[in-house]
A.B. asks: 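There's a structure below that I have some questions on.
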Amino acid sequence: MTPGPGPATGALSAPMVVEFPFTRSLGAVQSAFLTGLREKAVLGVRTGDGKVLVPPVEYDPVTAEELSSLVEVGATGTVITWAWNAVPRRGQPLTTPFAWVLVRFDGADTALLHVLDAPGPDAVHTGMRVRVRWAVQRTGAITDIACFEPYDTEPYDTEPYDTEPYEKEPYATENDAGHGAGRVGEPYGTAAAAPARPHSGAFDDPVTTIVTPARLDYTYAPGRAQSAHLAALSERRIVGERCPRCRKVYVPPRGACPTCGVATAEQVEVGPSGTVTTFCIVNIKARNALNDAIEVPYVYAHIALDGADLALHGRIAGIPYDQVRMGLRVEPVWRDGTLHPDHYRPTGEPDADYDTYKELL
């Protein structure tokens, strides 16, 4: 975290990002659905009472019965409800304003959430007919549906999306009612006119796993106590706060004593040396740039700094991982350009007696 100017109180604030890749394996139903999208086919699953669920699920949401009867529905559908997104955010399907829509595919009984490419909110309405605009490069993911587009007009911008032609569906008339067409005023190809077709779900080179990036962007405001703590760290000092009632010193401070529930204000400089109270050996390297230069196995420990009544955590280096032990005396090692200690190393002092840190385990 890089502190930035905060409000007039002197509190800090900074943009923060939590990001990681989420990998999951797919069962037979989800594998068929995503592989089908890659092949420009929309698959659903039929329940015991005959309903077609798109997107498909592996178990009936009502009876919990396992589902496996796959069907193919049309690539056209009807907007069930929608909301206009005037300012797209990073990572969303379109970079221009669009509508979030729930679309019920022709032949399906449930709706799928996706986006509709439309020139403005006045061009969107519940009940409008839409069709899939397929991505040119398809990998077996929900993004293989680049977006939906209005069905009764030409695409607004076909690049870089697929430009294969579509046939427009005729609308039902009064004379067609009751003769297999849709309801009067609806286009052919609705659920009533185009029932889902059975599908084996078999494809060459099926998709079996997906990786979904998860990311949260937010602004962190640490408050008065932690702002003072971070300011001290920038000077390579470690500062906590003492409870006026129980006299315990908490590092990092939270502005209140977690035991007594009273506000804290008295600052106390602690450490910099401390004692390892407990630790773990890390054998799997985390996927982030901060850990690229750290070889596994390594040790992560709880460290009770001298003068503190709460242990904080840090990495232990400068000693073989299998020689780290409870009671080991350590000191922080700082790197230029970093706010927190990079790691802690042995001081060379004798190990601390267990009785001196047992209450901090």
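One is the number of the first residue; the rest follow in order along the sequence.
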A.B. asks: Run Y250 and T259 through side-chain hydrogen bond (donor to acceptor under 3.5 Å, both in side chains) and show every step you take.
C.D. replies: CA-CA 11 Å; Y250 293 99; T259 302; 3.3 Å; yes
A.B. asks: State, yes or no, whether a side-chain contact exists between V270 and V268 at a heavy-atom distance under 4.5 Å.
C.D. replies: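 A side-chain contact exists here, since the closest heavy-atom pair is under 4.5 Å.
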A.B. asks: Is T356 reaching over with its side chain to a backbone N or O of A352, donor-acceptor style, under 3.5 angstrom?
C.D. replies: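 Answer holds: no.
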A.B. asks: Return yes if a side-chain donor-acceptor contact under 3.5 Å exists between R24 and T212, otherwise no.
C.D. replies: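 No, no side-chain donor-acceptor pair sits under 3.5 Å.
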A.B. asks: Has D342 got a side-chain atom pairing as donor or acceptor with R335's backbone, closer than 3.5 angstrom?
C.D. replies: no
A.B. asks: Would you confirm whether R129, through its side chain, and G77, through its main-chain N or O, come within 3.5 Å as a donor-acceptor pair?
C.D. replies: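 Answer holds: yes.
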A.B. asks: Please examine the side chains of V115 and D117, heavy atoms only from C-beta on, and report whether any two atoms are closer than 4.5 Å.
C.D. replies: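 No; the side chains remain at least 4.5 Å from each other.
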A.B. asks: Closest approach of V101 and L116, non-hydrogen atoms and distance?
C.D. replies: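 Minimum heavy-atom separation between V101 and L116: CG1-CB, 3.8 Å.
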A.B. asks: Measure from the side-chain N and O atoms of R104 to the backbone N and O of L102, and report whether any donor-acceptor pair falls under 3.5 Å.
C.D. replies: no
A.B. asks: If we ignore hydrogens and angles and just use 3.5 Å, is the side chain of R131 paired with the main-chain N or O of T76 as donor and acceptor?
C.D. replies: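 No, because the side chain of R131 does not come within donor-acceptor range (under 3.5 Å) of the backbone of T76.
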A.B. asks: Keeping Q30 on the side-chain end and P56 on the backbone end, is there a donor-acceptor pair under 3.5 Å?
C.D. replies: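 Between the backbone of P56 and the side chain of Q30 there is a qualifying donor-acceptor contact (under 3.5 Å).
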A.B. asks: Which heavy atom of F105 sits nearest a heavy atom of V73, and at what distance?
C.D. replies: CB-CG2, 3.8 Å
A.B. asks: For L216, does the CG atom sit with more than 12 other heavy atoms under 6.0 Å from it, leaving out its own atoms?
C.D. replies: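 Yes, the 6.0 Å shell around CG holds more than 12 heavy atoms from other groups.
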A.B. asks: Do C257 and K248 touch side chain to side chain, with heavy atoms closer than 4.5 Å?
C.D. replies: no
A.B. asks: Give the minimum heavy-atom separation between V207 and T139, together with the two atoms involved.
C.D. replies: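 Here V207 and T139 meet closest at CG2-O, 3.9 Å.
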A.B. asks: Looking only at atom types and distance, does a side-chain atom of H229 sit under 3.5 Å from a main-chain N or O of V239, one as donor and one as acceptor?
C.D. replies: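 Indeed, once roles are kept as given, a pair shorter than 3.5 Å links the two residues.
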A.B. asks: Looking at D109 and L53, would you say the former's side chain and the latter's main chain have a donor-acceptor pair under 3.5 Å?
C.D. replies: no
A.B. asks: Listed by chain and number, what are the salt bridge (charged side-chain N to carboxylate O under 4.0 Å, His left out) partners of R215, not counting sequence neighbours?
C.D. replies: E19, D217
A.B. asks: Verify salt bridge (charged side-chain N to carboxylate O under 4.0 Å, His left out) between R133 and D144, making sure each step is shown before the conclusion.
C.D. replies: CA-CA 9 Å; R133 182 190 292 172; D144 291 348; over 6 Å; no
A.B. asks: Look at the rings of H114 and F148 and say which category their plane angle falls in: under 30° parallel, 30 to 60° tilted, over 60° perpendicular.
C.D. replies: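 Ring orientation of H114 relative to F148: perpendicular.
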A.B. asks: A side-chain contact here means heavy atoms from C-beta on lying under 4.5 Å apart; do W100 and Q92 qualify?
C.D. replies: yes
A.B. asks: Identify the two heavy atoms, one from V52 and one from A196, that lie closest to each other, and give their separation to 0.1 Å.
C.D. replies: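 Closest heavy-atom pair between V52 and A196: CG2-CB, 4.1 Å.
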A.B. asks: Could you tell me whether a side-chain N or O of T63 sits under 3.5 Å from a main-chain N or O of D60, the two making a donor and an acceptor?
C.D. replies: no
A.B. asks: Without hydrogens or angle criteria, can the side chains of Y220 and Q226 be said to hold a donor-acceptor pair below 3.5 Å?
C.D. replies: yes
A.B. asks: Is there a side-chain contact between V276 and V330, using heavy atoms and a 4.5 Å cut-off?
C.D. replies: yes
A.B. asks: Heavy-atom distance under 4.5 Å between the side chains of C147 and P93, does that happen here?
C.D. replies: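 They are not in contact (no side-chain heavy atoms under 4.5 Å apart), so the answer is no.
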A.B. asks: Taking the ring of F279 and the ring of H302, is the distance between their centroids below 6.0 Å?
C.D. replies: no
A.B. asks: Can you confirm whether S200 sits close enough to L70 that some side-chain heavy atom of one is under 4.5 Å from a side-chain heavy atom of the other?
C.D. replies: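 No - every pair of side-chain heavy atoms lies 4.5 Å or more apart.
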A.B. asks: Ring-plane angle category for F203 and H199, please: parallel below 30°, perpendicular beyond 60°, tilted otherwise.
C.D. replies: parallel
A.B. asks: Got a sec, which residues hit side chain to side chain donor-acceptor pair (under 3.5 Å) with T264, two or more places apart in sequence or on another chain?
C.D. replies: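 Here the qualifying residues are E241.
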A.B. asks: For F33 versus L43, what's the shortest heavy-atom pair and its separation?
C.D. replies: CD1-O, 3.2 Å
A.B. asks: Apply side-chain contact (heavy atoms from CB on, under 4.5 Å) to the pair S68 and V45, showing each step before the final yes or no.
C.D. replies: CA-CA 7 Å; S68 60; V45 68; 5.9 Å; no
A.B. asks: Which heavy atom of P88 sits nearest to which heavy atom of L94, and what is that distance?
C.D. replies: CB-O, 3.4 Å
A.B. asks: List the steps, then state whether side-chain hydrogen bond (donor to acceptor under 3.5 Å, both in side chains) holds for R329 with T275.
C.D. replies: CA-CA 5 Å; R329 295 284 295 162; T275 301; 3.0 Å; yes
A.B. asks: Flag the pair L360 / L310 as yes when at least one side-chain heavy-atom distance between them is below 4.5 Å, and no otherwise.
C.D. replies: no
A.B. asks: In this structure, are over 12 heavy atoms from other groups packed under 6.0 Å from E235 atom CD?
C.D. replies: yes
